[in-house]
Protein chains: 2
Amino acid sequence: MTSPAVSSRALPHPERGEIRLEGVLHALSDPMRLRIVRELAAVGDELSCSHFDLPVTKSTTTHHFRVLRESGVIRQIYRGTAKMNGLRRDDLDDLFPGLLDSLLDAAARQAVRVGSG
Amino acid sequence: MTSPAVSSRALPHPERGEIRLEGVLHALSDPMRLRIVRELAAVGDELSCSHFDLPVTKSTTTHHFRVLRESGVIRQIYRGTAKMNGLRRDDLDDLFPGLLDSLLDAAARQAVRVGSG
DNA sequence: GACGTACTACGATGCCTATCGTACGAGTCG
DNA sequence: CGACTCGTACGATAGGCATCGTAGTACGTC
């Protein structure tokens, strides 16, 4: 019942200086991944992969989380059997000030406009 | 020597309301297209396709401009033999306030950081 | 150890796309 | 008209990618 320790399984992340704008934009240009990021931003905390109820299989979900991690948008840590996901807000805000908030705002506006969020 | 009239050849553009964030992000996630948009924004005016000296063939250049147009990022008009390209700043700013400037700022920062612009 | 849960790895598939080359159309200038 | 420039269309190619299914690994619990 105590919170599980961080596993030794390591996951490769790009350094802050390795994050490329093109990669971030590509990662966010997929509706499924944009949805994940919006949810992470809304909660403002780490979420497990299984928390998300996406209309794709778990294999595909794994794929999307990997794309987000490898592009530098999220940080992933194993915690027991769960894999926690958190936005790399500090890194992104440092590299691209205001961009993440603009993107989230744009996504929110579109959701209102199109009527799905 | 008089400026040529707008040709009758029409080009399909998405309406403002049809522009989707995912499409815009995807369009800008390509280095060649991001470069085109940065240049258009820097000049702040319409530019002909031939103005750009991209390291790809003309066929590929045509392809990139079409992607930018169909995603709603630029507007294209034939003017004589030239095809003028202009950012759809008004539409983008209305749909996604602040996003374009954040993206351009992010691209500029990265260019300084990586050392190519 | 046995079982269940959370996530992964791998292969397959079908689609999208960045690129090229060549051949062509539209417009301007002489 | 003829020559030239600008850009398009089409086909080909090679690589990327979103998706799935199945089999498997890591971890916690009993």
Side-chain angles (χ1 to χ4, degrees), chain A residues 1-13 20 22-37 46-71 73-86, chain B residues 1-13 20 22-37 46-71 73-86:
Chain A
M1 192 55 76
T2 58
S3 77
V6 173
S7 162
S8 58
R9 281 183 286 173
L11 289 165
H13 289 78
R20 301 281 271 131
E22 293 90 331
V24 171
L25 297 184
H26 173 249
L28 298 181
S29 71
D30 182 276
M32 220 60 70
R33 292 194 289 260
L34 184 57
R35 178 167 159 176
I36 291 172
V37 168
E46 293 185 337
L47 290 176
S48 70
C49 291
S50 57
H51 171 272
F52 296 86
D53 188 31
L54 302 175
V56 292
T57 64
K58 284 203 293 180
S59 300
T60 305
T61 302
T62 296
H63 162 69
H64 285 310
F65 276 106
R66 183 171 47 222
V67 173
L68 286 172
R69 169 170 48 84
E70 292 179 346
S71 66
V73 176
I74 67 172
R75 198 175 284 283
Q76 295 190 294
I77 304 177
Y78 279 109
R79 194 137 23 210
T81 62
K83 191 174 176 183
M84 304 307 290
N85 305 276
Chain B
M1 192 54 70
T2 57
S3 76
V6 173
S7 161
S8 57
R9 285 183 285 174
L11 289 166
H13 289 78
R20 299 282 272 130
E22 293 90 331
V24 171
L25 297 184
H26 173 250
L28 297 181
S29 70
D30 181 277
M32 218 62 68
R33 292 194 290 261
L34 184 56
R35 178 168 158 176
I36 291 171
V37 169
E46 293 185 338
L47 291 176
S48 69
C49 291
S50 58
H51 171 273
F52 297 86
D53 188 31
L54 301 175
V56 292
T57 65
K58 285 201 297 181
S59 299
T60 305
T61 302
T62 296
H63 163 68
H64 285 309
F65 276 106
R66 181 169 50 220
V67 173
L68 286 171
R69 170 171 46 86
E70 292 179 346
S71 66
V73 177
I74 67 172
R75 198 176 285 282
Q76 295 190 294
I77 305 177
Y78 279 107
R79 194 136 24 208
T81 62
K83 191 175 176 183
M84 304 306 290
N85 304 276

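First the proteins, then the strands, lettered A, B, ... as listed; each starts at 1. All values reported here derive from a predicted model rather than from experimental measurement.
- Per the geometry, CD1 belonging to I77(B) stands 17 Å off C1' belonging to dG27(C), to the nearest Å.
- Listed nucleotides: dA18(C), dG7(D), dC20(D). Nearest to the side chain of C49(B): dG7(D).
- Across all strands, S50(A) comes closer than 4.0 Å only to sugar-phosphate atoms, never to a base (heavy-atom distances).
- What separates CZ of F65(B) from C1' of dT17(C) is a distance of 18 Å, to the nearest Å.
- Going from atom CG of D30(A) over to atom C1' of dT19(D) covers 11 Å, rounded to whole Å.
- The side chain of H64(A) contributes an N or O atom lying less than 4.0 Å from OP1 or OP2 of dT19(D).
- Using modelled atom types and a 3.5 Å distance limit, the side chains of T62(A) and S59(A) yield no donor-acceptor pair.
- Atoms CD and CE, from E22(A) and M32(B) in turn, are 10.5 Å apart once rounded to the nearest 0.5 Å.
- Atom pair L11(B):CG and dA26(C):C1' shows a separation of 13 Å (rounding to whole Å applied).
- In this model, the phosphate group of dC20(C) is approached by a side-chain N or O of T60(B) to a distance below 4.0 Å at OP1 or OP2.
- Within the nucleic acid shown, H51(B) has no heavy atom closer than 4.0 Å to any nucleic acid atom.
- No N or O donor and acceptor, one from the side chain of S59(B) and one from the base of dT19(C), sit under 3.5 Å apart.
- Atom C1' of nucleotide dA18(D) and atom CD1 of I36(A) are separated by 13 Å, given to the nearest angstrom.
- Rounded to a whole Å, the OH atom of Y78(B) is 10 Å from the C1' atom of dG25(C).
- For A82(A), whose side chain is taken as the heavy atoms from C-beta onward, the closest listed nucleotide among dC20(D), dA6(C), dG7(D) is dA6(C).
- Taking atom NZ of K58(B) as the reference point, atom C1' of dC4(D) lies 11 Å away to the nearest angstrom.
- Of the two residues near DNA chain D, T62(B) and H26(A), the one whose nearest nucleotide lies more 5' is T62(B).
- Within the model, atoms CZ of R20(A) and CG of L25(A) stand 11.0 Å from one another, a figure rounded to the nearest 0.5 Å.
- Look at CE on M84(B): it is 13 Å from C1' on dG7(D), rounded to the nearest Å.
- Regarding contacts with the backbone of dA18(C), a side-chain N or O of R33(B) is found under 4.0 angstrom from either OP1 or OP2.
- At least one donor-acceptor pair closer than 3.5 Å links the side chain of N85(A) to the backbone N or O of L47(A).
- At least one side-chain nitrogen or oxygen of T57(A) sits closer than 4.0 Å to the OP1 or OP2 atom of dC20(D).
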Practice prompt. Start with the C-alpha gap between Q76(A) and C49(A), add the side-chain angles, then the distance that decides, and say whether side-chain contact (heavy atoms from CB on, under 4.5 Å) holds.
Written response: CA-CA 10 Å; Q76(A) 295 190 294; C49(A) 291; 4.3 Å; yes
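- The phosphate of dA9(C) has OP1 or OP2 within less than 4.0 Å of a side-chain N or O from R66(A).
- Comparing dG27(C), dT17(C), dC17(D) against the side chain of T81(B) picks out dG27(C) as the nearest.
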